[in-house]
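All remarks here apply to the structure that follows.
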Amino acid sequence: MALHINERVTRIEMSGIRKLANMASQYSNVISLTLGQPDIPPAKHIGEAVAEAVANNRTSYTENQGILALRQAASAFVADKYDLTYSPQDEVIVTAGASQALFVALTTLLEAGDEVILPSPTYPAYLEIIRLCGAVPVLVDTTATDFKVTPEQLRGHITPKTKCFILSYPSNPTGTVLSKDEVDALADVLKDQELYVISDEIYSELIYDGIRHESIASRPGMREKTIVINGLSKSHSMTGYRIGFIFGDRALAREMLKVHQYNVSCASSISQYAALSALTTGKDDARYMREEYQVRRNFVHQRLNEMGLAAKLPGGAFYIFPYIGGYSDNAMDFCAKLLEQQQVAAVPGSAFSTYGEGYIRISYSTTMDNLKVAMDKIETFIHTL
């Protein structure tokens, strides 16, 4: 046929995370350290809420922006946890996961030729959605600054074409978090700039060592220009339920709701009632996961450094990003050989932009028994290199 596919679609790539996960599925008895899938199941009350929703036939369309009770619960949750104030009537949108929330936000904001600043290594979906919009990702190398974008770096990458800055902490893939002072310093740069901020806070409930998540939207001058994205996939282990949230000033939310409406109509009604239980009955469900993941984090961090794979101690999420450059100059090749020889699957850092080359991402959202075996196998593998 002489017809052509949208050229922007042909230029985007499948996720490197999924490539490794798919490779791993071809092997038996693989220990997979690839996907951001919590291994701790959702709390019992969430399943009970699903059963109740089905029994009461709550299976029809909801309002485009989600059921009001859930928007009220989400608004109360972020107000209590992160000092964020949004009206449930017109500043909260329930989405089909944080991924769809990100797609809605970026397609609402971006036009062809716009620039989007991304601290890198970065989550690959950001890059490809930006490109799909015809906009240009502008990568900031954070490998020399403990994977934290600095005010000087941010200021140096802002141009007249800059439309948006994506802030994603706790970070995927590095697990890095920003302190209160670091968030304040970035806000000081951004508050007077004519650009938008998308703050992806999907891992906000998984921060360790008693540290509280800091949202840039709570800083003076930032609320009106910031879109906050969150969801329940990581905090409540509800990945398959596909419930995310957009929080934004009503002027922004009004425009994003148009895109959301034509994209999915509404999030799953049954999932919304499960989410309502998660944010009310299960408001603190993440506490147990946080405590468990911190134990695993400490173990994996210690083992990696002992075997010679230097890794920063992650402050949040459930990823660690060790440097493998001393053993291989190609992270994909390293991961492919590790999978073939030891049946351990990790994600090459190159999946997270060119600034991730020389690293691998390990997810420790698996059992401690699996992690112990995996660390032994990784150590055996690197001794062969």
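Remember, predicted model here, so these are calculated numbers, not experimental data.
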query: What's the shortest heavy-atom distance between His157 and Gln153, and which atoms?
result: ND1-O, 2.8 Å
query: Closest approach of Leu68 and Pro88, non-hydrogen atoms and distance?
result: CD1-O, 4.2 Å
task: Test Ser235 against Tyr203 for side chain to side chain donor-acceptor pair (under 3.5 Å), laying out the working first.
output: CA-CA 7 Å; Ser235 61; Tyr203 294 98; over 6 Å; no
Is [X] salt-bridged to [Y], cutoff N-O under 4.0 Å?
X      : Y      : result
Arg297 : Asp209 : yes
Lys163 : Glu111 : yes
Asp39  : Arg296 : yes
Lys372 : Asp376 : no
Asp249 : Lys225 : no
Asp114 : Lys161 : no
Glu91  : Arg223 : yes

Decide if atom [atom1] of [X] counts as having more than 12 heavy atoms of other residues, nucleotides or ligands within a radius under 6.0 Å.
X      : atom1 : result
Lys148 : NZ    : yes
Gln261 : CD    : yes
Glu306 : CD    : yes
Lys337 : NZ    : no
Asp284 : CG    : yes
Tyr208 : OH    : yes

task: Measure from NZ or CZ of Arg361 to the centre of the six-membered ring of Phe321 and say whether it is under 6.0 Å with the direction within 45° of the ring axis.
output: no
Do the side-chain N and O atoms of [X] and [Y] include a donor-acceptor pair separated by under 3.5 angstrom?
X      : Y      : result
Tyr288 : Tyr293 : no
Glu48  : Ser277 : no
Ser87  : Asp90  : yes
Tyr169 : Ser204 : no
Glu201 : Ser215 : yes
Gln100 : His260 : yes
Asn56  : Tyr273 : no
Glu182 : Ser179 : yes
Tyr196 : Thr226 : no
Thr176 : Thr174 : yes
Asp369 : Thr367 : no
Gln342 : Thr380 : no
Thr239 : Gln37  : yes

- request: Let me see the working for Phe103 and Thr95 under side-chain contact (heavy atoms from CB on, under 4.5 Å), right down to the final yes or no.
  value: CA-CA 10 Å; Phe103 190 90; Thr95 62; over 6 Å; no
field: The single option from Phe147, Phe334, Phe352 passing ring-ring contact (aromatic ring centres under 6.0 Å, His included) against Tyr359
entry: Phe147
Distance, nearest 0.5 Å, that separates [atom1] of [X] from [atom2] of [Y]:
X      : Y      : atom1 : atom2 : result
Tyr327 : Met307 : OH    : CE    : 9.0 Å
Ile320 : Asn298 : CD1   : CG    : 9.5 Å
Asp146 : Leu313 : CG    : CG    : 11.5 Å
Ile202 : Asn230 : CD1   : CG    : 5.0 Å

message: Apply side-chain contact (heavy atoms from CB on, under 4.5 Å) to residues His383 and Ile378 and explain how you reach the verdict.
response: CA-CA 9 Å; His383 286 164; Ile378 291 172; over 6 Å; no
If we only count heavy atoms from C-beta on, is the [X] to [Y] side-chain gap below 4.5 Å?
X      : Y      : result
Leu206 : Pro170 : no
Ile360 : Val347 : no
Thr10  : Glu7   : yes
Phe77  : Thr280 : no
Val228 : Ile246 : no
Ile46  : Tyr241 : yes
Ile117 : Thr162 : yes
Leu195 : Ile158 : yes

message: Between Tyr355 and Leu139, does the side-chain contact (heavy atoms from CB on, under 4.5 Å) criterion hold? Intermediate values first, please.
response: CA-CA 8 Å; Tyr355 293 122; Leu139 303 181; 3.6 Å; yes
Cluster question for you: counting only ILVMFWY and a side-chain heavy-atom cut-off of under 4.5 Å, with indirect links fine, are [X] and [Y] together?
X      : Y      : result
Ile93  : Ile227 : yes
Val136 : Leu118 : no
Leu178 : Ile211 : no

task: Go through the steps for Glu128 and Arg131 under the test salt bridge (charged side-chain N to carboxylate O under 4.0 Å, His left out), then give the verdict.
output: CA-CA 5 Å; Glu128 304 305 354; Arg131 290 171 178 147; 3.3 Å; yes
Of Ile129, Ile130, Ile166, Thr122, the residue whose pairing with Pro137 passes side-chain contact (heavy atoms from CB on, under 4.5 Å): Ile130
query: Passes salt bridge (charged side-chain N to carboxylate O under 4.0 Å, His left out), Arg71 versus Glu63? Steps please.
result: CA-CA 11 Å; Arg71 286 181 276 133; Glu63 293 180 60; 3.1 Å; yes
task: Would you check, one step at a time, whether the test salt bridge (charged side-chain N to carboxylate O under 4.0 Å, His left out) holds for Arg219 with Asp188?
output: CA-CA 9 Å; Arg219 281 12 186 208; Asp188 284 343; over 6 Å; no
task: Report the relative orientation of the aromatic rings in Tyr86 and Phe247; use parallel for angles under 30°, tilted for 30 to 60°, perpendicular for over 60°.
output: tilted
Passing candidate, side chain to side chain donor-acceptor pair (under 3.5 Å) with Glu205, options Arg287, Lys81, Lys234, His213: Lys81
